[in-house]
Amino acid sequence: MELLKTSLPAPRGYYTVDKEAVPMELGQDKQQTITRLAICVVIAVMLYAALDKLGGGIPKLAPYKPWLEQNKVQAIAIAAAVLFGASLAAFPLEEPAAPPPAASEADPCAGFERACDLP
């Protein structure tokens, strides 16, 4: 990874640390969350489209039909949020693996016997 030294703002896709542009990388856990959310939004859009085609086929939704027609975006967002919450309840996100200890924190004598422990 090559760092760009600059006094200008960092280019798109980079952030600045001590006047050095460092590339941004989306963590694996964030990518999984974004993918899950996108899938939930797509499913919510498909559900709304199916509900729109059924029309009055579902009698329990008849009182809410005018609101659903006037507030399509809100209805899709609510459905996506419910689906996202349900997916998190059914399939929780994996905990990110803990980073290995830094070299300075590792015990340099690990695996060796202390002299005072010998007979």
Side-chain angles (χ1 to χ4, degrees):
M1 170 174 71
E2 184 178 321
L3 300 178
L4 305 170
K5 291 192 177 201
T6 179
S7 60
L8 299 173
R12 181 177 223 149
Y14 287 78
Y15 64 95
T16 306
V17 175
D18 297 327
K19 295 188 177 183
E20 293 182 0
V22 180
M24 284 191 263
E25 296 177 8
L26 196 56
Q28 184 68 20
D29 57 330
K30 290 182 182 178
Q31 283 182 338
Q32 290 176 353
T33 303
I34 291 171
T35 302
R36 183 183 296 223
L37 182 60
I39 290 170
C40 290
V41 169
V42 169
I43 293 172
V45 168
M46 291 181 351
L47 285 173
Y48 185 85
L51 181 67
D52 198 28
K53 288 195 183 219
L54 287 177
I58 303 174
K60 289 188 176 186
L61 291 178
Y64 305 107
K65 186 130 176 92
W67 184 87
L68 290 171
E69 290 173 354
Q70 293 174 353
N71 301 297
K72 291 180 182 181
V73 175
Q74 289 86 347
I76 292 170
I78 290 169
V82 169
L83 288 169
F84 185 72
S87 73
L88 286 176
F91 308 104
L93 291 174
E94 296 175 3
E95 293 293 324
S104 62
E105 294 176 7
D107 183 15
C109 298
F112 294 98
E113 294 182 15
R114 296 186 316 182
C116 60
D117 291 342
L118 296 175

Would you check if Thr33 and Phe84 make a side-chain contact, meaning some heavy-atom pair closer than 4.5 Å? yes
Nearest-0.5 Å distance that lies between atom CG in Leu51 and atom NZ in Lys65: 6.0 Å
Please determine whether residues Ile78 and Leu61 belong to a single hydrophobic cluster, defined as Ile, Leu, Val, Met, Phe, Trp and Tyr linked transitively by side-chain heavy-atom distances below 4.5 Å. yes
Less than 4.5 Å apart, side chain to side chain, heavy atoms only: is that true for Lys72 and Val45? no
Quick check on the hydrophobic clustering: are Leu37 and Val42 connected, directly or via other members, by side-chain heavy-atom contacts under 4.5 Å? no
In Å, rounded to the nearest 0.5 Å, how long is the span from CD1 of Ile76 to SG of Cys40? 13.5 Å
Using every non-hydrogen atom in the two residues, find where Tyr48 and Leu68 come nearest and quote the distance to one decimal. OH-O, 2.8 Å
Any non-hydrogen side-chain atom of Ile39 less than 4.5 Å from a side-chain atom of Leu83? no
Test item: Arg36 side-chain N/O and Ser87 main-chain N/O as donor-acceptor pair under 3.5 Å: yes
